[in-house]
Amino acid sequence: MSRQVNFAAGPSTLPYDVLLEAQAEFVDYHGGGVSLIEMSHRSPEYEAVQGSALELAKELLGVPEDFDALVLQGGATLQFAMVPMNLLHGGASGAYVDSGSWASKAMADASHHGESYAAWSGADGGYTAMPSPDEVEVRPGTRYLHVTSNETIGGIQMTQWPDVEVPLVGDMSSDYMSRTIPWDRFDIVYGGAQKNMGPAGATLVFVRRSILDETNRDLASYLRYDIHAAKGSMYNTPPVFAIYMMSRVLEWVKAQGGLPAMEERAAIRSALVYGAIDASDGYYRSPVDAASRSKMNVVFRLSSEELEAQFVSEASEAGMANLKGHRDVGGIRASLYNAMPIEGVELLAEFMSDFRRANAE
Ligand code: PMP
């Protein structure tokens with residue numbers, strides 16, 4: 001089988017070795033005569049898998065002891081609602097760094113459960129930059145400041161966290177497990193697994209334990225962080241296959257050298273693509289502010305949509321899939337998550353230079 005270099009934005013490429021391991025284990029898990037996905041989620045075999053996934057996630061991310069690690073369903077999208085539902089019940093408001101499509105969605109969802117407002121907005125600038133730390137303004141009576149560490153569609157990433165008094169809540173969906181997190185600043189960090197950590201279906205949420213005493217109790221059970229924490233993320237049936245895959249991907253991350261290795265590779269990969277853009281004399285154009293360039297999702301434009309379509313189609317013929325930009329913004333997007341081999345990005349950089357040579361006027 002020849003595998004494509006897969007630049008998809010999520011669900012996205014996974015380590016080949018993990019896919020093979022999962023395939024080998026799928027039908028008969030560890031010789032027990034049943035598949036893991038046929039077992040009770042209360043079986044010792046499955047409990048070991050979920051326990052190790054959450055322990056490894058905490059270990060790799062250096063999560064302090066006073067945080068609970070939860071694995072939930074509903075994606076980061078359900079967290080857009082659960083955060084305000086659990087935290088805004090006393091009349092406090094939620095501040096949002098409105099940095100792009102995902103942040104805007106989170107802010108809009110919060111408005112159904114309390115007051116939400118933009119403590120900074122990139123709308124006027126076309127969402128092409130993240131704020132500098134002192135530009136973010138939080139009003140009195142604010143419970144948290146929500147940040148989107150990486151805007152997956154816009155291709156911008158926060159490199160400096162806002163300088164505010166209130167705790168941060170972070171949607172880290174698209175740069176989870178690729179960078180260090182300043183835990184002392186956060187009360188909640190969340191994100192789906194389907195970019196850097198596994199397939200879709202599992203959402204990893206870290207909650208500072210001390211806030212669980214104050215979260216809203218007047219909610220349906222699944223929506224309450226305190227219940228999930230008390231039940232060890234086994235309040236209801238967890239997405240067993242997604243969590244199993246996450247445990248294997250996290251073992252792979254550890255074997256590769258952990259977070260420092262992921263961070264270093266992200267820098268190398270993204271520098272290859274930005275290097276190709278910057279060396280192209282404007283043939284490829286990055287629409288985002290240089291200081292906010294994402295290391296996970298590199299977006300760029302060519303001079304026309306026709307040329308962009310030709311680029312995507314020829315890249316696909318050359319073995320590089322899913323380079324088409326998000327349908328809302330067009331252009332090209334190369335998503336460079338943890339499992340993307342550096343050689344795959346070298347191939348893309350080379351292709352960019354060849355394509356330019358062949359098509360520049
Ligand atoms: N936030 C960000 C930054 C995302 O990239 C995405 C998904 N691409 C979401 C939230 C929504 O996540 P989900 O599809 O897991 O609900």
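Whatever order the structure lists ligands and atoms in, that order sets their numbers, starting from 1.
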Student: Under 3.5 Å, is there a donor-acceptor pair between the Tyr225 and Asn216 side chains?
Tutor: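 Short answer, no.
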Student: Work out whether the distance between some heavy atom of Asn150 and some atom of ligand 1 is less than 4.0 Å.
Tutor: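 Asn150: in contact with ligand 1 (<4.0 Å).
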Student: List the closest protein heavy-atom neighbour of atom 15 (O) of ligand 1: residue, atom name, distance to the nearest 0.1 Å.
Tutor: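 It is Gln194 NE2, 2.9 Å.
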Student: Counting heavy atoms only, name the option from Trp102, Tyr176, Tyr190 that's nearest to atom 9 (C) of ligand 1.
Tutor: Trp102
Student: Which of the numbered atoms in ligand 1 are under 4.0 angstrom from any heavy atom belonging to Thr152?
Tutor: 2 (C), 3 (C), 4 (C), 5 (O)
Student: What about the rings of Phe206 and Phe67, do their centers lie closer together than 6.0 Å?
Tutor: no
Student: Atom 12 (O) of ligand 1: which protein heavy atom is closest, and how many Å away?
Tutor: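 Protein heavy atom with the smallest distance to atom 12 (O) of ligand 1: Ala76 CB, 3.4 Å.
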Student: I want to check something: taking the side chain as every heavy atom from C-beta on, are Arg224 and Thr215 in contact at a cut-off of under 4.5 Å?
Tutor: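 Answer no - side chains too far apart.
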Student: Between Phe80 and ligand 1, does any nitrogen or oxygen pair lie at a separation below 3.5 Å?
Tutor: no
Student: Looking only at N/O atoms, are Ser174 and ligand 1 under 3.5 Å apart anywhere?
Tutor: no
Student: At less than 4.0 angstrom from any non-hydrogen atom of Gly75, what atoms of ligand 1 do you find?
Tutor: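 Here the atoms of ligand 1 in question are 15 (O), 16 (O).
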Student: Between Asp171 and Lys105, does at least one N-O distance fall below 4.0 Å, as a salt bridge requires?
Tutor: no
Student: Give the numbers and elements of all ligand 1 atoms closer than 4.0 Å to a heavy atom of Ser173.
Tutor: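 Checking each atom against Ser173, I get 1 (N), 2 (C), 3 (C), 4 (C), 10 (C).
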Student: Check whether any heavy atom of Lys195 sits under 4.0 Å from an atom of ligand 1.
Tutor: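 Contact check Lys195 vs ligand 1: positive.
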Student: Set out, in order, the CA-CA distance, both residues' side-chain angles and the distance that settles side chain to side chain donor-acceptor pair (under 3.5 Å) for Glu135 and Ser132, then state yes or no.
Tutor: CA-CA 6 Å; Glu135 284 179 314; Ser132 59; 3.3 Å; yes
Student: List every atom of ligand 1 that sits less than 4.0 Å from any heavy atom of Asp171, numbering the atoms from 1 in the order shown and giving each element.
Tutor: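 Matching atoms, with element in brackets: 1 (N), 2 (C), 3 (C), 10 (C).
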Student: Parallel, tilted or perpendicular: which fits the ring planes of Phe80 and Trp102, with parallel below 30° and perpendicular above 60°?
Tutor: tilted
Student: Between Arg209 and Asp66, does a salt bridge (charged side-chain N to carboxylate O under 4.0 Å, His left out) hold up when you go through it step by step?
Tutor: CA-CA 6 Å; Arg209 207 165 289 132; Asp66 63 323; over 6 Å; no
Student: Check the side chains of Thr13 and Asn6 for a donor-acceptor pair under 3.5 angstrom, ignoring hydrogens and angles.
Tutor: no
Student: What residue and heavy atom of the protein are closest to atom 16 (O) of ligand 1, and at what distance?
Tutor: Thr77 OG1, 2.5 Å
